[in-house]
Amino acid sequence: MRRLRSSKFRPFIRETTLDVKDLICPVFVDETISEPFEINSMPGYFRHPLETVADEASSILELGIPAVILFGIPEKKDETGSHACGDDDVVQKAVRAIKQQVGDDLIVMTDLCLCEYTSHGHCGIVNEKQEILNDPTLEILAKTAVSHTRAGADIVAPSGMMDGMVGAIRRALDDNDFKDIPIMSYAAKYCSAFYGPFREAAGSGYAFGDRASYQMDPGNADEALREVALDIEEGADIIMVKPALPYLDIIYRVKKKFKMPTAAYHVSGEYAMIKAAAQNGWLDERGVVYESLISIKRAGADMILTYFAKDMARELNSE
Ligand code: PBG
């Protein structure tokens, strides 16, 4: 076996390779700030103000990364997340700014969820018994999808794990002349402690309870296949598994069974762990990032949403 492990042959026989084109870069856009703001639990990662979010998008495209996914931090939150769906709300403004400045070469995806916009921080409408209501939430998500698309979004990405969300969004897009806009569904999204830093990043911590009534139980794998099947039936074009590294088996099974364009989300906690260990000198950041991302790809992901997208792109470009 060692004959092909020399530095000459290793790259030659490598079965899985990482490409800049595999990467999707998350971008946080915050309407309450005027300067980039570093996220405490995600060292080296920033929220961007509306004024400069297009510069950030442009620097991402310059590295050869084909796509960004936008997360909005609104000025005002309320019970029903009503500032998610206005044409002049934060994500809609950011999409327009990016499209105007960067042009159409960059794929602009928008994360579609209410948790950044609701005062209680849950991903849906809540009743007086603190239950998260499914169907009333669908209407708002559908409306939000249409407004993102009207602003110029190329792909919408519902992440709230409401049942029927893909179908509701597909119908709304079709009815509004957006038949060509694909949906990337967060199809198998687990109720994960690895989202901790994201809640600081996006200002979406919740006031009560947890997300277990809508996100998946980490113990379940067959259920992920049912989730994915439903989303495909409802019209999802790209499906996602999230988080990534702790769920490589799910990525593998989903890709094997459905053979769909499959995305994996290397989430905020996965970023924070590596950063923290690297800052302590306990892990080699470059090596661990490469190994994490190549493993996610090897498991079956076609594309990876990762906060290391820019770093990885620089690395790949310099090879
Ligand atoms: C919103 C959303 C979350 C993430 C992406 N979209 C948070 C959550 O569901 O709690 C997490 C991303 C990350 O941790 O990097 N629903």
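All figures in this text were calculated on a predicted structure; none of them were measured in a lab. Note that ligands are numbered from 1 as they come in the structure, with each ligand's atoms numbered from 1 the same way.
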Asks: Quick one: side-chain contact (heavy atoms from CB on, under 4.5 Å) partners of A221, sequence neighbours excluded?
Replies: I250, R253

Asks: Does ligand 1 have an atom that lies less than 4.0 angstrom from a heavy atom of K242?
Replies: yes

Asks: Using side chain to side chain contact (heavy atoms under 4.5 Å, CB included) as the criterion, point out the one residue from K189, K242, E223 that pairs with M216.
Replies: E223

Asks: Take the angle between the ring planes of Y265 and Y307 and call it parallel below 30°, perpendicular above 60°, tilted in between.
Replies: tilted

Asks: Is there any N or O on S268 that sits under 3.5 Å from an N or O of ligand 1?
Replies: yes

Asks: Nearest protein heavy atom to atom 10 (O) of ligand 1, by residue and atom, and its distance?
Replies: R199 NH2, 2.5 Å

Asks: Taking only heavy atoms of F71, which atoms of ligand 1 are found under 4.0 Å from at least one of them?
Replies: 5 (C), 6 (N)

Asks: Is there a donor in the side chain of S147 and an acceptor in the side chain of Q92, or the other way round, less than 3.5 Å apart?
Replies: yes

Asks: I need the atoms of ligand 1 closer than 4.0 Å to a non-hydrogen atom of D111, numbered in the order shown.
Replies: 6 (N)

Asks: What are the atoms of ligand 1, with element, lying closer than 4.0 Å to any heavy atom of C123?
Replies: 16 (N)

Asks: Counting only heavy atoms closer than 4.0 Å, does ligand 1 sit against the backbone of P26, its side chain, both, or neither?
Replies: neither

Asks: Please indicate whether any nitrogen or oxygen in K189 is less than 3.5 Å from any nitrogen or oxygen in ligand 1.
Replies: yes

Asks: Should S159 be listed as contacting ligand 1, given a heavy-atom distance under 4.0 Å as the test?
Replies: yes

Asks: When rounded to the nearest 0.5 angstrom, what is the spacing between CE in M184 and CE in M260?
Replies: 12.0 Å

Asks: Which of these, F198, Y214, Y307, has its nearest heavy atom closest to atom 7 (C) of ligand 1?
Replies: F198

Asks: So, 4.0 Å and heavy atoms of M161: is ligand 1 close enough to count as a contact?
Replies: no

Asks: Would you find a donor on one side and an acceptor on the other, under 3.5 Å apart, between the side chain of H122 and the backbone of G124?
Replies: no

Asks: What's the shortest heavy-atom distance between D111 and E116, and which atoms?
Replies: OD2-OE1, 4.0 Å

Asks: Once you restrict to heavy atoms under 4.0 Å, what part of C115 touches ligand 1? Side chain, backbone, both or neither.
Replies: side chain

Asks: Looking at R286 and D311, does any basic side-chain N land under 4.0 Å from a carboxylate oxygen?
Replies: no

Asks: Is it the side chain (CB and beyond), the backbone, both or neither of Y265 that lies under 4.0 Å from ligand 1, heavy atoms counted?
Replies: side chain

Asks: Run the numbers on E200 and S41 for side-chain hydrogen bond (donor to acceptor under 3.5 Å, both in side chains), then give the verdict.
Replies: CA-CA 7 Å; E200 187 201 333; S41 51; 2.6 Å; yes

